[in-house]
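Before any comments, here is the structure.
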Amino acid sequence: MTLTAEANHATTSDRIVFDQIGKHYARGGDHLQVLDQCSFTVEPGEFVSVIGPSGCGKTTLLNMAAGFTAPDDGTVRVGDAVVTRPHPSRGVVFQQYAIFPWLTVAKNIEFGLTLRANRRPRAERQRVVRRYLELMGLEPFASAYPKELSGGMRQRVAIARAYATDPQVLLMDEPFAALDAQTRERMQELLHETQLTERRTVLFITHSVEEAIFLSHRVVVLSARPTGVREVVDIAIPAPRPAETRLSPRFVELRRRMEGLLRSESTEAEGGPR
Amino acid sequence: MTTTTVTRSAPRRRRPAAGAVSGTSRRVALGVLGAAIAVAIWYLVAVSGIVSGRGVPRPDEVLSAGWVLFTEQDLLFDIRVSMTRVCIGVTIGSLLALPVGFLLAWYPTLRAMAEPLVNFFRALPPIALVPLVIVYFGIGENARISILVYASFFAAVIVLFEGISSIDPLLVRATRVLGANPWEVFARTVVPASVPHLFTAVRVALGVSWATVVAAELVAAQRGLGAAIQDAATFYRIPDMYVGIAMIGATALLMDLVLKLVQSRLTTWQEKTR
Ligand SMILES: Nc1ncnc2c1ncn2[C@@H]1O[C@H](COP(=O)(O)OP(=O)(O)O)[C@@H](O)[C@H]1O
Ligand SMILES: [Mg+2]
């Protein structure tokens, strides 16, 4: 595999900063404070997972970084710029794949490179498509339509499509949550390997402790609503991490500790005032 | 890069040919069986004489009347005349419905304003419009076509805006994060996602148009299936009326089959939900 300019690509201009984020929704006549004073940073080239109980505002945070949702308080910055709207420099992978059913796998991956904002010459497009088809193990499916693919394969297409436009930052919202356990582990390993060669700044949302530890440099554990940062855990396990890493004592210890943190959050939420 | 075992099996192509063929021929056989049962019941009703007055002609009487009509009075010409009217009506009606459907789906305010009106006009029976059409358009071909355009338009508009507004908003989001401008979102995502709905709209418009053709041909038509039926009614040629009615149904069925075939060719990417 040739390392091109895209490969070691992270620069200081793509630090993601969540600065004192607050967000509330009107619910009926009520006021639901979802996020409150939530601050953390993803360093350039770093893989950071955000984990927290369901409904605590993880998707809301990601949508802010993507530029779909504006915070009520605080700012989200990528590099020096405050995020205000979607931009191809920030790729998104959605839980529900969101690949185009009327395009073949290859055309899906190529899509972003055919748009005005990011158009590339034909030869370059083909080269990029070939590269990601290979990286994601999708070559035999290049001319297949999404309806012919399994869930795991569809998500590979979505990931390839996100990498192909060469964004500084990748935002992934529980991309493997809909997959079965085995496929899920295989996808985690594939994503980990991809990161080794295609290093990007990644913000990864999950509710699986194991997934967060396996993939990340650091894990941000969120508290129950109104959500802030409970703790940031360093995952000091060197890369590359083979599948067996999941069984190593250090991994198991981290896992036990983080599950404890999450459990205390959910019991506090149940016992505490609504 | 390190390698993970990646399952590389050939993509699952369309269902095995043998199964598909037997499935289709089974459906055709059942359709024929249903028609045969209907004819048998018709025969029994005709010979039992339970229908008072002039009674119901037997199937064989209708068949021989049809033979005479085709060989001596050129019924095929009437079919062609009606078919042309329907095709012109559906084409104009759908072409007008297309931009209106997109606008209503895109702008919720517009839709809220227009939806009751659309339903109001759609509910008006075309036959009630005949006198009005004569007042404004006279008794020429334009008058007859305008009734068909009217019926096609309102049928197609409903199907189109329901369909287009049901397009997955996630696909629109995915398009935007890849860097698409509003025009590209429309042309590259909304339009292809609308193609199946366009086909459905045209098919519904065709059905409605055939159901309206008799009313349209009440406007002083010399030829056409509707005119032939009225002609037969004037002279109490009951079997001839049955022939005309059956030909409307048969032609409509045939045109729908052709459209369905074209649709399945052009939207092979679509997931079958049956
Ligand atoms: N558009 C919205 N309107 C009202 N409430 C919302 C909206 N989006 C999210 N919420 C609420 O905010 C909370 C956090 O949502 P979300 O960010 O999707 O959580 P998570 O992804 O962690 O499960 C949930 O309780 C949800 O009901
Ligand atoms: Mg979520």
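All chains are named by letter (A, B, ...) in the order of the sequence lines, taking the proteins before the strands, and each is independently numbered beginning at 1. No hydrogens, no waters, no symmetry mates; every other heavy atom, side chains included, goes into these values.
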Exercise for the section: Tell me yes or no: between the side chains of A:E211 and A:T206, is some donor less than 3.5 Å from an acceptor? Expected result: yes
Handout entry: Side chain, backbone, both or neither of A:R90 within contact of chain B (heavy atoms, under 4.5 Å)
Key = backbone
Handout entry: Heavy-atom contact with chain B under 4.5 Å, split by part of A:T114
Key = both
Practice task
Report the option among A:A117, A:S89, A:A98, A:G67 that has the most heavy-atom pairs separated by less than 4.5 Å from atoms of chain B.
Solution key: A:A98
Handout entry: Interchain contact, B:T175 with chain A, by part (heavy-atom threshold 4.5 Å)
Key = both
Problem - Engaged part of A:R85 at the chain B interface, taking heavy atoms whose separation is under 4.5 Å - result: neither
Handout entry: Structural part of A:N108 lying under 4.5 Å from a heavy atom of chain B
Key = neither
Exercise for the section: Quickly, which of A:T104, A:L103, A:I99 forms a side-chain contact (heavy atoms from CB on, under 4.5 Å) with A:Y145? Name it, please. Expected result: A:T104
Practice task
Answer yes when B:E115 and B:R122 have at least one side-chain N-carboxylate O distance shorter than 4.0 Å, and no when they do not.
Solution key: no
Exercise for the section: Apply salt bridge (charged side-chain N to carboxylate O under 4.0 Å, His left out) to the pair A:E210 and A:R246, showing each step before the final yes or no. Expected result: CA-CA 8 Å; A:E210 179 162 346; A:R246 296 193 183 87; 3.4 Å; yes
Handout entry: A:Q155 (side chain) donor-acceptor with A:F94 (main chain) under 3.5 angstrom
Key = yes
Completion exercise
Okay, B:D168 and chain A: the region with an atom under 4.5 Å from a heavy atom over there is neither
Exercise for the section: Compute the centroid of each ring, for B:F102 and then for B:F161, and state whether the two points are separated by less than 6.0 Å. Expected result: no
